2 protein chains.
Amino acid sequence: MRRDIDELVKGKNVALRFSEGNPEDEQAQYLIPLEDFFQFGLSVDCILFGFDGQEIKILLIERGVAPYKSYWALPGDLVYPNEDLNAAAQRVLENLTGIRDVFMQQIKTFGKTDRHPLGRVITVAFIALIRVEHYETRASSWADNVRWFTLPEVGELAFDHNEILNKGVEKLKSRVRREPLGFELLPINFTLNQLQKLYEAILDRPIDKRTFRKKILAMNFLVKLDEKQTKNTRRPACLYTFDQTRYGELLDKGFTFEL
Amino acid sequence: MRRDIDELVKGKNVALRFSEGNPEDEQAQYLIPLEDFFQFGLSVDCILFGFDGQEIKILLIERGVAPYKSYWALPGDLVYPNEDLNAAAQRVLENLTGIRDVFMQQIKTFGKTDRHPLGRVITVAFIALIRVEHYETRASSWADNVRWFTLPEVGELAFDHNEILNKGVEKLKSRVRREPLGFELLPINFTLNQLQKLYEAILDRPIDKRTFRKKILAMNFLVKLDEKQTKNTRRPACLYTFDQTRYGELLDKGFTFEL
DNA sequence: TTGTGATAGTGTACATTTTACACTTTATAT
DNA sequence: ATATAAAGTGTAAAATGTACACTATCACAA
């Protein structure tokens with residue numbers, strides 16, 4: 001993939017030569033000044049959202065190394081040279097929580113020239129949603145400490161992570177109304193009350209119970225299960241599950257989720 | 001900003017040392033393997049949308065250099081080491097069209113490992129909207145040729161630019177319904193019929209005239225001007241303009257644009 | 001100047017969607 | 001058996017969205 005890469009390290013002002021097709025063809029060659037190429041660091045940062053039944057929480061790590069040692073930060077890491085962006089983000093979260101195939105979406109890339117004290121490192125930010133029931137956080141070599149925060153608990157973070165976090169919360173709020181993301185934060189089988197509480201937590205406003213149930217059931221991709229909630233103090237609630245296949249079929253017919 | 005950078009070129013396996021605060025403090029130092037750092041190329045690509053009164057058009061350039069010489073491509077360029085992402089995108093479009101302060105939004109970052117034949121170059125994609133009345137395209141040192149395309153006219157583009165373009169069109173369609181972007185594509189003063197045609201072109205479906213006018217005027221941020229359209233063949237239409245200040249005030253009151 | 005043609009501009013009735021609102025049911029725990 | 005706490009359900013009024021067809025105005029040409 002990368003050719004003549006040895007040229008890169010021979011000296012600071014060496015240009016990288018690259019030819020396409022016939023190497024004799026002068027026209028097919030061009031020079032790119034090294035100064036302009038392969039100068040950037042690249043990282044991914046993940047805003048990992050969870051839901052404990054009451055509140056939306058965000059997983060942060062306490063940095064164990066400089067820069068920003070002992071600051072709390074979004075989990076993130078440098079991208080490996082042969083790794084896709086999504087793969088890097090998945091890797092970060094797998095190392096941290098042990099979960100594979102986390103639901104994840106890219107939200108924005110942050111690239112201010114001075115955002116990293118070490119040099120020009122740009123970062124691609126993702127939001128990730130997990131079912132809290134599953135997670136098991138692990139300390140990593142980069143982190144002293146790992147902890148779930150509610151939004152108001154979050155203080156000053158490392159790098160530009162406050163800005164990234166704000167963007168992530170904003171995107172979660174807007175996307176959760178137009179895409180069926182909420183289910184990623186609940187157990188596979190959930191009650192309608194759990195779902196409603198989740199939406200109320202994300203959108204930060206109360207929702208009328210009957211209206212909510214009518215709307216969400218009318219969309220016709222929730223399947224009512226025979227089993228009911230166990231371990232409830234009082235009357236147990238019916239369990240539902242999100243039918244991905246049915247949702248896909250609806251999409252094909254031009255349906256758009258909206259809440 | 002970047003310290004000890006000379007280390008970078010001394011040899012392939014040298015690590016970059018960085019210390020924060022007191023250099024005596026061992027704890028505050030850490031090593032990053034060179035292999036993982038400053039390995040990436042970074043570019044921006046712009047999807048430049050224009051509207052000729054009938055159809056949405058996209059500006060493409062014909063590449064004059066390898067790779068993908070003589071393919072059509074989105075305008076883009078490598079980001080300078082000390083340049084912010086937005087600044088780079090603005091520069092690309094200023095060089096191409098002579099316009100400064102183009103309306104622009106980041107849409108997504110594309111970073112597949114094999115997307116660039118030269119090496120690992122990731123690109124941050126933007127959509128940009130301009131008033132066609134103003135533009136004056138210029139050939140650049142990178143481009144043989146510059147031309148507006150309608151969407152169906154676009155063939156196979158360089159790199160992964162078809163994928164980027166599709167994403168851009170998708171984002172334009174969804175954002176134009178939730179943000180007052182359309183006005184960026186029309187002259188400062190425009191008629192309601194022009195505005196309607198624009199929406200019909202972007203959303204690719206007919207809209208009822210009376211419904212459209214009622215909706216858009218009810219939002220209360222369009223100002224009817226005294227002057228009327230000139231150079232019309234038949235009855236001239238009233239001109240309107242978008243009142244940015246008024247729109248801002250509405251936003252503060254919790255209003256959300258929706259069409 | 002007058003007539004004609006093309007586009008601008010307007011209002012209403014009906015259908016749909018959204019909202020607000022309070023009581024009954026059910027399983028559990030005592 | 002009974003008390004309790006949470007689950008679950010329907011309707012009417014308001015607001016919003018949609019469909020639809022004619023009149024008004026100016027430019028141009030005769």
Side-chain angles (χ1 to χ4, degrees), chain A residues 51-54 176-178 182 186-187 189-201 203-241 250 253-259, chain B residues 51-54 176-178 182 186-187 189-201 203-241 250 253-259:
Chain A
F51 181 61
D52 66 2
Q54 300 300 323
V176 84
R177 298 189 47 206
R178 311 189 208 297
L186 293 175
N189 302 332
F190 51 86
T191 71
L192 293 182
N193 286 314
Q194 289 177 312
L195 187 62
Q196 183 179 339
K197 276 201 175 156
L198 171 64
Y199 274 95
E200 289 178 328
L203 301 177
D204 199 25
R205 61 175 161 83
I207 303 176
D208 178 76
K209 185 155 104 170
R210 278 165 287 192
T211 307
F212 178 79
R213 294 166 96 99
K214 248 181 299 173
K215 236 195 229 177
I216 201 93
L217 289 176
M219 293 193 204
N220 231 33
F221 50 63
L222 290 191
V223 180
K224 188 174 184 167
L225 303 175
D226 288 334
E227 15 162 13
K228 300 202 168 182
Q229 202 177 22
T230 55
K231 274 287 175 193
N232 192 1
T233 45
R234 302 296 166 184
R235 178 178 176 181
C238 288
L239 290 171
Y240 289 80
T241 196
L250 288 169
K253 289 181 195 153
F255 167 85
T256 49
F257 181 92
E258 176 130 19
L259 210 115
Chain B
F51 180 61
D52 65 2
Q54 300 300 322
V176 85
R177 297 190 47 208
R178 312 192 207 294
L186 292 175
N189 302 332
F190 52 86
T191 71
L192 294 182
N193 286 312
Q194 288 178 311
L195 188 61
Q196 184 180 339
K197 275 201 175 156
L198 171 64
Y199 275 95
E200 289 178 328
L203 302 177
D204 199 25
R205 60 176 162 84
I207 302 175
D208 179 75
K209 185 154 104 171
R210 278 166 288 192
T211 307
F212 178 80
R213 293 165 97 97
K214 248 181 300 172
K215 236 193 232 177
I216 200 93
L217 289 176
M219 295 194 204
N220 231 31
F221 50 64
L222 290 190
V223 180
K224 187 173 184 168
L225 303 174
D226 288 335
E227 17 163 10
K228 299 201 167 184
Q229 202 177 23
T230 54
K231 272 291 174 189
N232 191 3
T233 45
R234 303 296 168 185
R235 177 178 175 179
C238 289
L239 290 172
Y240 289 80
T241 196
L250 288 169
K253 288 180 197 154
F255 167 85
T256 48
F257 181 92
E258 175 128 25
L259 210 116

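These numbers were taken from a predicted model, which means no experiment stands behind them. All chains are named by letter (A, B, ...) in the order of the sequence lines, taking the proteins before the strands, and each is independently numbered beginning at 1.
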Fit a plane to each ring of A:Phe212 and A:Tyr199, take the angle between them on a 0 to 90° scale, and name the class: parallel (under 30°), tilted (30 to 60°) or perpendicular (over 60°). tilted
Once you round it to whole Å, what is the distance between P of C:dA22 and CZ of A:Arg210? 8 Å
Of the listed nucleotides C:dG9, D:dA19, C:dC21, the one nearest the side chain of B:Cys238: C:dG9
Verify the contact: side-chain N or O of B:Arg213 to OP1 or OP2 of C:dG9, cut-off strictly under 4.0 Å; return yes or no. yes
Roughly, in whole Å, what's the span from CG in A:Leu222 to P in D:dG8? 13 Å
Against the side chain of B:Arg235, the closest entry in D:dA24, C:dT19, D:dA6 is D:dA24
Nearest whole angstrom, please: distance from the P of C:dA22 to the CG of A:Asp208. 11 Å
Output the rounded distance in Å from CD (A:Gln196) to P (D:dA6). 14 Å
For the pair A:Arg177 (side chain) and A:Leu259 (backbone), establish whether a donor and an acceptor sit closer than 3.5 Å, ignoring hydrogens and angles. yes
Between C:dA8 (C1') and B:Gln194 (CD): distance, integer Å: 13 Å
By nearest atom, which of the nucleotides D:dA19, C:dA27, C:dA8 is closest to the B:Lys214 side chain? D:dA19
Ranking C:dT19, D:dC26, C:dA8 by distance to the side chain of B:Pro236, first place goes to D:dC26
Figure out the CG/C1' separation between B:Asn193 and D:dA24, and round it to whole Å. 14 Å
Rounded to the nearest 0.5 Å, what separation is found between the CZ atom of A:Phe255 and the CG atom of A:Asn220? 8.5 Å
Whether A:Gln196 side chain and A:Arg213 backbone form a donor-acceptor pair below 3.5 Å: no
Between C:dA20 (P) and A:Lys209 (NZ): distance, integer Å: 17 Å
Just the rounded figure in Å: distance from P of D:dT9 to CZ of A:Phe212. 14 Å
